[in-house]
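Read through the structure below, which is laid out as structure tokens, and then see the notes.
Everything numeric in this text was worked out from a predicted model, so none of it was measured. Naming: A, B, ... by sequence-line order, numbering from 1 per chain.
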There are 2 protein chains.
Amino acid sequence: MQGVQTAKETGAGSGLTERQGAVLEQALRLLVDGGERALTTAGVARAANCSKESLYKWFGDRDGLLSAMIAYQASKVRTLDVSAEALDEASLRAHLVAFAKDLLEVLAGDVSLALNRLAIGQASREGSKLGRLLEERGRRQIGRRAGALLEVGRKAGLLAFGDPEEAYGALYGLVVSDWHLRMLLGEDPSGLKKNFGRRAERAVDAFLALYGRKE
Amino acid sequence: MQGVQTAKETGAGSGLTERQGAVLEQALRLLVDGGERALTTAGVARAANCSKESLYKWFGDRDGLLSAMIAYQASKVRTLDVSAEALDEASLRAHLVAFAKDLLEVLAGDVSLALNRLAIGQASREGSKLGRLLEERGRRQIGRRAGALLEVGRKAGLLAFGDPEEAYGALYGLVVSDWHLRMLLGEDPSGLKKNFGRRAERAVDAFLALYGRKE
DNA sequence: CTCCATCAGTACCGTACGGTACGGTTCGCC
DNA sequence: GGCGAACCGTACCGTACGGTACTGATGGAG
């Protein structure tokens, strides 16, 4: 980090050059296509038309490459904030349903599944920080969005809950149930993807039945 | 299966001898302690005081060993059936809370986490049947227990739901939320384990608020 | 033009693992 | 007692991968 960074960086202040971003993109593609077994340093170098030496110079070692992949993928996700505009019951429900659909679509995405599988596979190793990293960049982010939404709903007198964390946990559980695990285990998600909309609405209705303020 | 099996088998008619069961036990221990990286054929042979040749004779190859481990572990879990005795609101709630606590304890168990991590790590491989196997032996089993319990509750007029699968999904989601994933990612479950009881009760109360029959 | 930094491509090394083969031993059966 | 099956321990082989070193090409700075 000494001196002026002359190479062009990616949009986010991630310290990555365009080239390095392209390499991570190829690495993610390899991971999605063939799982962790396919993610070899030689394979990444070949797919990205770069040398292994450059990989080690840029990312340190294989773990550094994996961490960079997670950070890079997370940097592409942007969480839109909910405007604290006038919120009525219908619009709160609409926001919640939109959140639920987004959540399901993110969790069912190829890259998300591959990265979660990768981090879970490494979780047994003691020093592996991949799980923590994924949790920080993934769950915390989407959790904050949901938390903000719930807070706005409570401020508007539409929701009633004591512990926001508990309310968020209930919402998450009602929306996702065990689908995430089943997809991680390899179950074909095509049957699920059709029903995202209906599933999200049902879950939100149940959530509102639990935490919606009875008028 | 030709002729009479002379060697003593394990209790379940799994076709495994005691010796093979002991070997699988050691293999599970290795997996729990060190993750998949520690689960090498040589390591299992050393830990179980058997030869690699015997491993390959008994289980075919490494995948066969992994499948046998999952089947063996599943065979140790016995699902107790709910007697269809007279069920009132309090006893239904008690049964549901017991189920929820069991579910949390199973999912948080060392062996369960290790096997789920293993199957998830292999899920990217095309031909891997481990995920399906784990789903069949694990989820389906506990799902049937829950389904039976819910059905009894409905028959007794204490629960009202249309689709049993949906009701079970809601119960599962309320109980587990994202805790399973977080534990799979390596989060320390010690903080969670203290609150199993309270968590189970809260989840069951929410479930009953949704699906309990208002009298 | 010259110098220097960067990087692609490749060759190389050590290691670790899956799977196989073999010698020696135990144990049940005839 | 002798035979044969099962099996332990170990040595062995091929392969694949992580990581390093080297060579040559490119391109920008002075």
*Starting at the 5' end of DNA chain D, which residue's closest nucleotide do you reach first, B:Trp58 or A:Thr40?*
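Result: B:Trp58.
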*Earlier contact from the 5' end, DNA chain D, for B:Lys52 and B:Lys57*: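 Checking each residue's closest nucleotide, the 5'-ward one belongs to B:Lys57.
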Heavy-atom count check: over 12 atoms from other residues, nucleotides or ligands less than 6.0 Å from [X] [atom1]?
{"X": "A:Arg93", "atom1": "CZ", "value": "yes"}
{"X": "A:Arg139", "atom1": "CZ", "value": "yes"}
{"X": "A:Arg145", "atom1": "CZ", "value": "yes"}

_How many whole angstroms separate atom CD of B:Glu53 from atom P of C:dT26?_
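Rounding to the nearest Å, CD of B:Glu53 and P of C:dT26 are 18 Å apart.
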*In whole Å, what is the span from the CG atom of B:Leu55 to the P atom of C:dA21?*
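One finds 16 Å between P of C:dA21 and CG of B:Leu55, rounded.
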_Using a strict threshold of under 4.0 Å (side-chain N to carboxylate O), is an ion pair present between B:Lys76 and B:Glu25?_
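So B:Glu25 pairs with B:Lys76 through a salt bridge.
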*asked:* Reading DNA chain D from 5' to 3', where do the contacts with chain B start and stop? Cut-off is 4.0 Å to heavy atoms.
replied: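 Nucleotide range in contact with chain B: D:dC7 to D:dG9.
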*For residues A:Val97 and A:Glu201, report the shortest heavy-atom separation together with the two atoms involved.*
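For A:Val97 and A:Glu201, the tightest heavy-atom pair comes out as CG1-CG, 4.0 Å.
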*How about A:Glu53 and A:Lys57: do any of their side-chain heavy atoms sit closer than 4.5 Å?*
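A side-chain contact is absent here, since even the closest heavy-atom pair is not under 4.5 Å.
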